[in-house]
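Heavy atoms only: backbone and side chains are in, while hydrogens, waters and symmetry mates are out. From a predicted model like this one, the values you see are computed outputs, not experimental measurements.
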Amino acid sequence: MLRYLALIPLFLLGTSIAEASENLEQVLTQRCLDTFDFIETKDLATFIAQMPVTPSEHEKKRSMKVLERAHERWFVKKKIISIEPQKVTYQAPSKIKQEKYQAQQQAKVGLFILSENYRSTMSCKFIKTPKGWFLSSLP
């Protein structure tokens, strides 16, 4: 009987880890979908708030160019009909991200985007740092 009682906390721990992982995937997926809102409005302040470090003036200018390029791709050249989230995958971050941001893990949120003229699979990338999860790549 005691053996079975000892297994109950392990079962509950496994369930809570699975729930936490599923919740994290939902949060990252929603954050990825939300990127289209600030891409559409070209909201640099929101884009910068998603970054793991405070950017320099040069990095802010570069970020604005990235944001404008993404805006043109998704809202000027082509009209998006639908965006369907796909799976979330995890991997080790690159050495550069580990050194620069103390990245511990990287997540990639897959998207299937249907437009008037094309179908595309894209992704958002996030890195986990000691301060939390941050956007590292726009779709």
Verify, without hydrogens or angle tests, whether Gln105 (side chain) and Gln91 (backbone) share a donor-acceptor contact under 3.5 angstrom. no
So if you build clusters from Ile, Leu, Val, Met, Phe, Trp, Tyr with side-chain heavy-atom gaps below 4.5 Å, do Val66 and Tyr101 land together? no
Beyond-backbone contact of Arg31 with Gln50, side-chain heavy atoms, under 4.5 angstrom: yes
Taking the basic N atoms (NZ, or NE/NH1/NH2) and the acidic carboxylate oxygens, is any pair closer than 4.0 Å for Glu68 and Lys65? no
In the structure I gave you, are the side-chain heavy atoms of Ile80 and Ile113 within less than 4.5 Å of one another anywhere? yes
Where the side chain of His71 meets the backbone of Ile39, is there a donor-acceptor pair that is under 3.5 Å apart? yes
Would you confirm whether Glu59, through its side chain, and Ser56, through its main-chain N or O, come within 3.5 Å as a donor-acceptor pair? yes
Determine whether a donor-acceptor pair (N or O, by modelled atom type, separation under 3.5 Å) exists between the side chain of Arg73 and the backbone of Pro139. yes
Can you check whether Lys125's main-chain N or O pairs, donor with acceptor, with Ser136's side chain at less than 3.5 Å? yes
Within this structure, what is the CD-CG distance for the pair Glu40 and Asp43, rounded to the nearest 0.5 Å? 11.5 Å
To the closest 0.5 Å, what do you measure between CD1 (Ile127) and CD (Gln102)? 9.5 Å
Which word best sums up how the rings of Trp74 and Phe36 line up, parallel for under 30°, tilted for 30 to 60°, or perpendicular for over 60°? perpendicular
Between the side chain of Thr41 and the main-chain N/O of Asp37, is any donor-acceptor distance below 3.5 Å? yes
Evaluate the side-chain proximity of Arg119 to Ser115: yes if any heavy-atom separation is below 4.5 Å, no if none is. no
When hydrophobic residues are tied together by side-chain contacts of less than 4.5 Å, even through go-betweens, does Val27 share a cluster with Phe126? no
Taking side chain as C-beta onward, heavy atoms only, is Leu111 less than 4.5 Å from Ser123? no
Nearest-0.5 Å distance that lies between atom NZ in Lys42 and atom CZ in Phe75: 11.5 Å
Is there a side-chain contact between Phe134 and Lys128 (heavy atoms, below 4.5 Å)? no
Please, which pairs that meet disulfide bond (SG atoms under 2.5 Å apart) have at least one residue in residues 59-139, sequence neighbours excluded? Cys32-Cys124
So how far is it from Thr29 OG1 to Leu33 CG, rounded to the nearest 0.5 Å? 7.0 Å
Any side-chain heavy atom of Phe47 within less than 4.5 Å of one from Leu135? yes
CG of Leu114 to CD1 of Ile83, rounded to nearest 0.5 Å, is 10.5 Å
Just wondering, do Gln98 and Ile96 contact through their side chains at under 4.5 Å, heavy atoms? no
Tell me if a side-chain donor or acceptor on Thr121 pairs with a main-chain N or O of Phe112 at a distance below 3.5 Å. no
Distance, nearest 0.5 Å, that separates CG of Leu67 from CD of Glu72: 12.0 Å
Beyond-backbone contact of Tyr90 with Glu25, side-chain heavy atoms, under 4.5 angstrom: yes
When you measure from the side chain of Arg62 to the backbone N and O of Glu57, does any donor-acceptor pair fall under 3.5 Å? no
